[in-house]
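For reference, the structure is listed below as structure tokens.
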Amino acid sequence: MAKKIESKVIDVLKRGTPFGRLEEGDVFNENLKIEDVWINMGPQHPSTHGVLRLVLALQGERIVDMEVVIGYLHRGTEKLAEFRTYHQFIPLTDRLDYLASPAMNFGYVLAVEKLAGIEVPIRAEYIRVLMAELARISSHLLWLATHALDIGAMTVFLYCFREREMILDLFEMATGGRLITTYYRIGGVANDLPDYFLDRCEEFCEIFPKRVEDYDALLYSNRIWLSRTVNIAKISAEKGLALGLSGPSIRGSGVNWDLRRSNPYSVYDKLDFEVAVFDGCDVYARYLVRRKEMLESCKIVKQCIEWLKKNPGGEVQAKVPKVFKPPVGEVYQAVEAPKGELGFYIVSDGSQRPYRLKIRAPSFANLMSLPEMCKGHLVADVVAAIGSIDVVLGEVDR
Amino acid sequence: MDVLMSDILTALIRIIVVFALALLTVAYLTYLERKVIGHMQVRMGPMRVGPHGLLQPIADGLKLFFKEDIVPTEGYRLTFYFAPILCLVCALILFAVIPFDAKFMISRLNIGLLYILSIASVGVMGIILAGWSSGSKYSLLGGLRSAAQIFSYEIFLGFSLMGPLMIAGSLDLVKIVEAQSVPFIVYQPVAFVIYLIAALGEINRVPFDLPEAESELVAGFHTEYSGMKFAYFFLAEYANMIIVSAIATIVFLAGWKGPILPGWMWFLIKMFIFIYFFIWVRATFPRYRYDQFMRIGWKIMLPLVLANIFVTGVVILFIGGY
């Protein structure tokens with residue numbers, strides 16, 4: 001991206017500057033170029049979360065080009081799937097987006113169930129949705145925390161972690177794990193919810209909307225927050241769709257596309273919630289989308305609790321053979337993960353193991369629109385832009 | 001001779017007292033900041049070293065003291081060593097003219113305020129030198145940012161003190177305090193607000209901590225610094241925070257004046273109100289982008305502060321001084 005020195009500059013040099021004058025006959029290389037400064041952001045940079053590397057071409061502090069270098073967290077998850085039985089692969093899905101592991105389990109078990117035509121007990125469906133929505137809130141809380149911290153607001157960070165802690169406690173109650181839950185099974189969930197879980201969960205739903213007001217007090221109409229996010233890292237709906245942007249990031253560009261509504265799975269068609277869509281196309285719009293989604297998820301959780309309280313007892317696991325062999329065939333199933341559209345494409349040859357498993361990870365696709373968002377902005381805006389698409393590298397590199 | 005000797009002795013004692021107290025306050029300011037922000041963020045702050053973490057600053061100091069002193073191979077060794085010293089010295093010699101009480105100060109200069117402003121601008125040279133001599137791109141960007149920042153905030157900082165100066169009619173800090181039968185904050189509210197904003201810029205704190213924005217520039221100009229040299233920058237930063245609070249106290253809040261309590265106590269109370277304010281701001285606000293900070297400075301604050309000087313001048317002309 002180097003620029004040739006313009007003839008105007010050479011004229012000025014010939015006329016003379018305080019630093020000297022270009023004399024007639026001086027050798028002057030007209031092909032001399034003004035080089036951009038190339039700068040490495042990450043993988044050790046505090047804002048790239050340890051495993052992402054960005055190579056930025058700068059003119060001053062303005063970004064003229066950007067390259068995303070990934071692969072620092074590659075573990076070969078897709079290949080590993082070919083050497084594990086369908087049951088054994090579930091714990092590996094946790095490690096994709098480790099900040100919302102129930103949502104990752106969800107996508108995988110749905111795909112396998114669709115492939116084998118397994119009917120899941122209705123109670124298990126509600127428990128699954130409940131856990132997935134809690135995971136969405138927890139993931140969005142962590143996003144808000146780090147996003148705000150990157151822009152310099154450090155108190156929001158600790159406030160968000162306070163509430164996330166409550167959700168992790170709930171996870172621990174139900175599954176024994178806090179971050180990596182491995183709660184879903186093919187045909188249901190591992191076990192029914194423990195006593196008092198629903199009451200504790202209800203308590204959380206009472207408190208949470210009030211806590212969102214706390215965050216709003218620090219950010220929602222804060223002038224500095226607005227000036228750092230409004231009109232920053234814009235991406236149009238067409239461009240975003242072309243680059244495969246999905247989830248809250250594309251809903252911030254005014255595209256009403258939420259798989260829970262557009263292509264309902266599980267029991268989402270029986271639940272009442274709004275899809276958050278804002279059309280600012282910028283960082284602020286994406287912030288608004290996620291903020292509203294947290295509140296909507298809270299509403300969904302409440303409805304699940306209500307249903308589960310009204311219909312106590314019952315099966316949470318369909319009859320699935322220990323030696324599980326789905327029929328020959330292929331299947332694609334996508335769910336709305338906190339980061340966007342998470343798809344599992346499974347090819348089965350009738351054996352105990354998948355013949356091939358491909359994961360459509362939302363963060364991977366979302367990350368590819370980062371250079372598009374950042375060009376022409378300042379270095380400080382890169383940080384805001386990374387935050388606004390909410391990448392988790394576990395999912396990008398797989 | 002005896003008179004001279006006793007003069008030197010009293011001066012020496014004053015210097016030792018002021019500097020020892022200043023360094024101790026600076027060290028415990030880090031503790032105060034961590035505690036206050038901690039409680040604002042529903043957590044405890046340091047708790048482990050000593051009761052309620054009271055020995056934490058000392059532990060931090062010791063840790064930094066024993067750290068390996070690294071100089072980057074690409075760096076310019078001489079300036080790399082010189083920069084933190086320049087920063088700290090410039091911050092500390094400012095304490096020389098601060099009147100903590102009607103009588104208690106190291107030296108009474110008749111151009112005290114001018115002295116403070118000029119030494120403060122030399123101090124920023126240290127930051128630029130540090131950024132340049134580190135031989136790292138992040139440091140350089142941090143240094144360049146602060147270079148741009150000096151031009152902006154120095155002007156408003158100076159101009160915002162101009163209104164009170166015109167009323168007091170002196171650059172002598174003691175005379176400025178004596179001139180305030182009513183604190184100047186009453187006559188000069190606009191100047192006061194602008195001074196506070198410019199002061200946030202001067203001491204590189206949120207929302208204007210651009211030269212060391214950690215999420216963008218790692219640690220800005222002191223990315224490559226470690227050990228005691230890093231501690232120097234750190235101390236200089238907190239010393240500057242005390243200085244700007246002290247100036248605000250002297251120029252806008254009538255310094256040591258106040259009922260009942262002794263003067264120095266009033267001075268400290270007022271000063272810590274400002275320090276608390278700076279800490280509070282840090283817990284509350286995100287960070288501006290540096291071009292936005294420039295825009296605020298040149299397009300909003302500069303016209304305002306010039307208008308303030310003009311209005312003050314007109315009023316003095318017609319009323320004939322306060």
Side-chain angles (χ1 to χ4, degrees), chain A residues 36-42 44-49 54 56 58 60-63 145-163 165 211 214 217-220 222-232 283 287 377-387, chain B residues 33-34 36-45 131 136-149 197 200-201 204-220 223-224 279-297 299-300:
Chain A
D36 303 330
V37 177
W38 286 87
I39 181 169
N40 250 323
M41 204 166 176
Q44 285 93 351
H45 190 281
S47 292
T48 54
H49 309 278
L54 303 170
L56 310 173
L58 301 178
E61 280 206 41
R62 207 160 282 281
I63 293 151
T146 51
H147 185 40
L149 187 67
D150 283 347
I151 298 184
M154 65 188 287
T155 302
V156 182
F157 177 80
L158 287 135
Y159 279 11
C160 289
F161 264 68
R162 182 181 56 187
E163 273 71 72
E165 192 63 26
R211 295 288 162 84
D214 280 0
L218 286 165
L219 298 177
Y220 191 73
N222 183 329
R223 279 189 69 99
I224 303 178
W225 179 255
L226 288 175
S227 64
R228 285 301 303 274
T229 55
V230 174
N231 282 331
I232 301 297
V283 175
Y287 155 74
H377 282 297
L378 303 171
V379 181
D381 296 328
V382 176
V383 177
I386 299 176
Chain B
E33 170 156 31
R34 291 163 75 173
V36 169
I37 289 189
H39 282 277
M40 281 176 180
Q41 294 172 341
V42 286
R43 60 196 172 89
M44 309 290 283
S136 145
K137 284 170 189 168
Y138 281 116
S139 304
L140 187 63
L141 276 177
L144 287 178
R145 276 189 180 194
S146 51
Q149 207 169 319
I197 295 170
L200 282 172
N204 293 333
R205 288 184 67 87
V206 173
F208 304 130
D209 57 341
L210 314 168
E212 46 186 289
E214 63 175 8
S215 53
E216 300 141 28
L217 297 179
V218 190
T223 305
E224 304 292 338
I279 294 173
W280 184 15
V281 165
R282 181 169 169 203
T284 312
F285 285 123
R287 176 185 306 120
Y288 266 116
R289 223 172 51 201
Y290 101 106
D291 60 317
Q292 290 166 343
F293 174 50
M294 295 300 168
R295 203 176 309 133
I296 294 164
K299 292 195 174 161
I300 301 169

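Note on naming: letters A, B, ... go to the chains in the order of the sequence lines (proteins, then strands), and numbering restarts at 1 for each one. Only this structure's heavy atoms are used, side chains among them; waters, hydrogens and symmetry mates stay out. None of these values were measured; they are calculated from a predicted model.
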Can you check whether Arg228(A) reaches Arg287(B) side chain to side chain, under 4.5 Å on heavy atoms?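 Touching, per the 4.5 Å side-chain cut-off.
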Side chain, backbone, both or neither: which part of Leu226(A) has a non-hydrogen atom closer than 4.5 Å to chain B?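 It is neither, since no heavy atom gets under 4.5 Å.
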What are the two closest non-hydrogen atoms of Thr284(B) and Thr155(A), and how far apart are they?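 Closest approach of Thr284(B) to Thr155(A), heavy atoms only: N-OG1, 4.3 Å.
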Any idea which heavy atoms bring Asn222(A) and Pro286(B) closest together, and the distance?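 Of all heavy-atom pairs spanning Asn222(A) and Pro286(B), the closest is ND2-CD, 3.4 Å.
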Which is it for Arg282(B) and Met154(A) under the side chain to side chain contact (heavy atoms under 4.5 Å, CB included) test, yes or no, and what are the steps along the way? CA-CA 8 Å; Arg282(B) 181 169 169 203; Met154(A) 65 188 287; 3.9 Å; yes
If you measure from [atom1] on [X] to [atom2] on [Y], what distance do you get to the nearest 0.5 Å?
X	Y	atom1	atom2	value
Arg223(A)	Phe285(B)	CZ	CZ	11.0 Å
Ile296(B)	Ile224(A)	CD1	CD1	7.5 Å
Gln292(B)	Leu378(A)	CD	CG	8.5 Å

